[in-house]
Amino acid sequence: QVQLVESGGGLVQAGGSLRLSCAASGITFITRAANWYRQAPGKPRELVATITSDGSTNYEDFVKGRFAISRDNAKNTVFLQMNSLEPEDTGVYYCHAPGRFRDYWGQGTQVTVSS
C-alpha cells in the first residue's frame, strides 16, 4: 500500500525556518516526480515546488529564493526547506506524488507563521 507521511510542520515566527519531510512507503521517489502543495484557510490548494525523477527542481514565484525542495534516495524521503517564512506562508502543506494510475497525497502538515 502506498503511503506518504509528512512531518516537520509547526509554529514559527516570521523570518524563521522549518524543514518538512515526506517519507514514502510503497513507492520509490527516485523513479517519479514529487511535489509540495499548500492550502491557506479559505483558499484553493496551490503548487509550491516540484522535483522530478532526474532531480530537476521548479518553484512557484512566491517561494523562489526562500524554499528548497530536495530528495534523499537512500531514505526514500522528499524534503522542503523553508527559510525566511512569512505570515502569508501559513497553511496546510501536502506532499504529492503522481502515480501511473492515480495520484498519491500525504495527510498534510500545518505550518503557521506568526508576525
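As the structure is a computational prediction, the values presented were derived from the model and not from experiment.
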Item to complete: Can you measure from OH (Y104) to CZ (R32) and round to the nearest 0.5 angstrom?
Response: 7.5 Å
Taking only distance into account, with no hydrogens and no angle test, what donor-acceptor pairs under 3.5 Å do side-chain atoms of residues 7-25 form with protein atoms, sequence neighbours excluded?
{"unit_1": "S17", "atom_1": "OG", "unit_2": "N83", "atom_2": "OD1", "d": "2.9"}
{"unit_1": "R19", "atom_1": "NH1", "unit_2": "Q81", "atom_2": "OE1", "d": "3.3"}

Item to complete: Considering only Ile, Leu, Val, Met, Phe, Trp and Tyr, and joining two whenever side-chain heavy atoms are under 4.5 Å apart, list the other residues clustered with V5.
Response: none
Worksheet item: Taking a hydrophobic cluster as the set of Ile, Leu, Val, Met, Phe, Trp and Tyr residues connected by side-chain heavy atoms closer than 4.5 Å, whether directly or through intermediates, do V111 and Y37 fall within one such cluster?
Response: no
Practice prompt. Taking salt bridge (charged side-chain N to carboxylate O under 4.0 Å, His left out) as the test, write out the residues that go with K43, two or more places apart.
Written response: none
Discussion item. Applying salt bridge (charged side-chain N to carboxylate O under 4.0 Å, His left out) as the test, list every pair that has at least one member in residues 87-99; sequence neighbours left out.
Written reply: R38-D89, R66-D89
Fill in: Counterpart residues, side-chain contact (heavy atoms from CB on, under 4.5 Å), relative to V92 (two or more places apart)
Y94, Q110
Worksheet item: How are the rings of Y93 and F67 set relative to one another: parallel (under 30°), tilted (30 to 60°) or perpendicular (over 60°)?
Response: tilted
Worksheet item: About how many Å separate OG of S56 and CD1 of I69, when rounded to the nearest 0.5 Å?
Response: 11.5 Å
Worksheet item: Hey, quick one: are L85 and F79 part of the same hydrophobic cluster, counting side-chain heavy atoms closer than 4.5 Å, chains of contacts allowed?
Response: no
Worksheet item: Would you say M82 and F62 are hydrophobically clustered, going by side-chain heavy atoms of ILVMFWY under 4.5 Å?
Response: yes
Practice prompt. Would you give the length of the straight line joining atom CG of L80 to atom OH of Y59, rounded to the nearest 0.5 angstrom?
Written response: 8.0 Å
Item to complete: To the nearest 0.5 angstrom, please state how far the CD atom of E60 sits from the CH2 atom of W36.
Response: 15.5 Å
Item to complete: Name all residues meeting the salt bridge (charged side-chain N to carboxylate O under 4.0 Å, His left out) criterion together with D103; count only those two or more places apart in sequence or in a different chain, and write none if there are none.
Response: none
Worksheet, complete the sentence: Which of N35, N58, T57 passes side-chain hydrogen bond (donor to acceptor under 3.5 Å, both in side chains) with T50? Answer is N35
Worksheet item: Does R71 reach the main-chain N or O of A33 with its side chain, forming a donor-acceptor pair under 3.5 Å?
Response: no
